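Quantities reported herein were computed from a predicted structural model and do not represent experimental measurements.
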Amino acid sequence: MPASQPSEQEAPPRPRLRLGIGAAVTLGLVVLSAAVGWGILRGQSTPVDAISLKGGSSTSAPADGNGGLYVHVLGEVEHPGLYILDADARLVDALAAAGGTREDADLQAVNLARALTDGEQIIVPAKGAASGGAAGATAPSAIGADGKVDLNAATQDDLETLPRIGPALAQRILDWREKNGRFRAVDDLLAVPGIGDKLLAGMRDKVRV
């Protein structure tokens, strides 16, 4: 009787690397945040237009009629200069348009999420540099020579100088601007909760956009 063939043994299962759902989600968010942050700060987006300060034509197609913002970017950025950005641009967009920040830029001195205003100058300081006033975000005064408050540059203190505007209503104006972008007209104040025709009439000649 022929000897029976030894039964073929199955190979032991290979160990599987198991990653908890929570850890996988956390890891994914970390990687995504790093990629987005690096892309923005190293200049992955482009401005609507860039103006040459040495004469000649701009570096890209001219801005359309949608109300672009002229912003002058200086300090610790790769390409300081004058840029035209979209009307709803933030400070981070201005830095990206200027090629991103340099290694010694002090990003704690700037508010990357701040909405921009037309005609402002942004200065990104170096780490350890002495700073005064609004470091890295030197914007034009919200109160002009005519005494009118610029709704798109005003701080809470600026808004509280207006008739019948207290801390709560001033914060609502700032919240509306943060959510909806720039005020296009003084009448946009009517969209702010708590501001009606009568209140607006009392401060119409004291504000501007």
Side-chain angles (χ1 to χ4, degrees), residues 36-37 40-41 45 47 66-77 82-98 101 105-127 129-209:
V36 171
I40 290 177
L41 296 181
S45 62
N66 293 332
L69 304 178
Y70 282 74
V71 180
H72 190 193
V73 187
L74 296 171
E76 298 303 312
V77 294
L82 179 63
Y83 296 92
I84 304 177
L85 305 176
D86 289 330
D88 59 351
R90 305 277 175 158
L91 193 144
V92 66
D93 299 315
L95 301 189
T101 56
D106 184 4
L107 294 181
Q108 293 186 355
V110 297
N111 178 5
L112 297 177
R114 180 175 64 79
L116 299 178
T117 59
D118 184 46
E120 74 170 284
Q121 184 182 80
I122 298 168
I123 302 176
V124 181
K127 294 177 182 176
S131 61
T138 305
S141 174
I143 303 179
D146 56 1
K148 293 185 177 182
V149 176
D150 184 346
L151 294 174
N152 292 312
T155 63
Q156 174 134 356
D157 290 339
D158 295 330
L159 293 171
E160 288 181 29
T161 65
L162 297 170
R164 299 177 59 189
I165 300 296
L169 201 48
Q171 186 60 53
R172 290 179 195 170
I173 294 174
L174 295 177
D175 291 342
W176 189 95
R177 189 177 71 190
E178 177 70 19
K179 180 179 179 180
N180 299 281
R182 293 172 53 82
F183 286 93
R184 306 291 183 179
V186 172
D187 285 341
D188 287 345
L189 283 171
L190 292 173
V192 177
I195 297 182
D197 292 329
K198 187 175 181 180
L199 181 57
L200 177 60
M203 63 176 177
R204 181 181 293 277
D205 60 349
K206 300 182 184 301
V207 296
R208 59 186 172 88
V209 293

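Glu178 meets the salt bridge (charged side-chain N to carboxylate O under 4.0 Å, His left out) test with Arg90; sequence neighbours excluded. Every residue two or more places apart in sequence or in another chain that forms a salt bridge (charged side-chain N to carboxylate O under 4.0 Å, His left out) with Arg204 is listed here: Asp187. Listed by chain and number, the residues in a side chain to side chain donor-acceptor pair (under 3.5 Å) with Asn180 amount to none (sequence neighbours excluded). In this view, Arg177 satisfies the salt bridge (charged side-chain N to carboxylate O under 4.0 Å, His left out) rule with no residue, not counting sequence neighbours. Residues passing the side chain to side chain contact (heavy atoms under 4.5 Å, CB included) test with Lys127 are Asp106, sequence neighbours excluded. Checked against side chain to side chain contact (heavy atoms under 4.5 Å, CB included), Ala94 has the following partners two or more places apart in sequence or in another chain: Val71, Val73, Leu85, Leu116, Ile122.
Pairing each heavy atom of Gly202 with each of Pro163, the nearest pair is O-CG, 3.8 Å. Nearest heavy atom pair, residue Leu69 against residue Ala87, reads CD1-O, 3.5 Å. Arg184 and Asp188 get closest at one heavy-atom pair: N-OD2, 2.8 Å.
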inquiry  = Using side-chain contact (heavy atoms from CB on, under 4.5 Å), reason through Leu174 and Thr155 one step at a time and then give a plain yes or no.
reply    = CA-CA 8 Å; Leu174 295 177; Thr155 63; over 6 Å; no
Evaluation steps, side-chain contact (heavy atoms from CB on, under 4.5 Å), between Val124 and Leu95 = CA-CA 9 Å; Val124 181; Leu95 301 189; 3.4 Å; yes
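At least one side-chain heavy atom of Leu199 sits under 4.5 Å from a side-chain heavy atom of Ile165. Taking 4.5 Å as the limit, every side-chain heavy atom of Thr101 sits out of range of all side-chain heavy atoms of Glu76. No side-chain heavy atom of Val209 sits less than 4.5 Å from a side-chain heavy atom of Arg182.
Sorted by first and then second residue, the ring pair (Phe, Tyr, Trp, His ring centres under 6.0 Å) pairs involving residues 150-209 (not counting sequence neighbours) are Trp176-Phe183. Every pair tested for salt bridge (charged side-chain N to carboxylate O under 4.0 Å, His left out) that includes a residue from residues 152-176 fails, sequence neighbours excluded, so the list is empty.
Once rounded to the nearest 0.5 Å, the distance linking OG1 of Thr117 with CG of Leu151 reads 12.0 Å. Taking CD of Gln156 as the start and CG of Leu169 as the end, the distance is 10.0 Å to the nearest 0.5 Å. Asp118 contributes atom CG, which lies 9.5 Å from atom CG of Asp150 (distance to the nearest 0.5 angstrom).
Judged by distance alone, the side chain of Asn111 and the main-chain N or O of Ala113 form a donor-acceptor pair under 3.5 Å.
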Donor-acceptor contacts under 3.5 Å from residues 189-196 side chains, at least two apart:
none

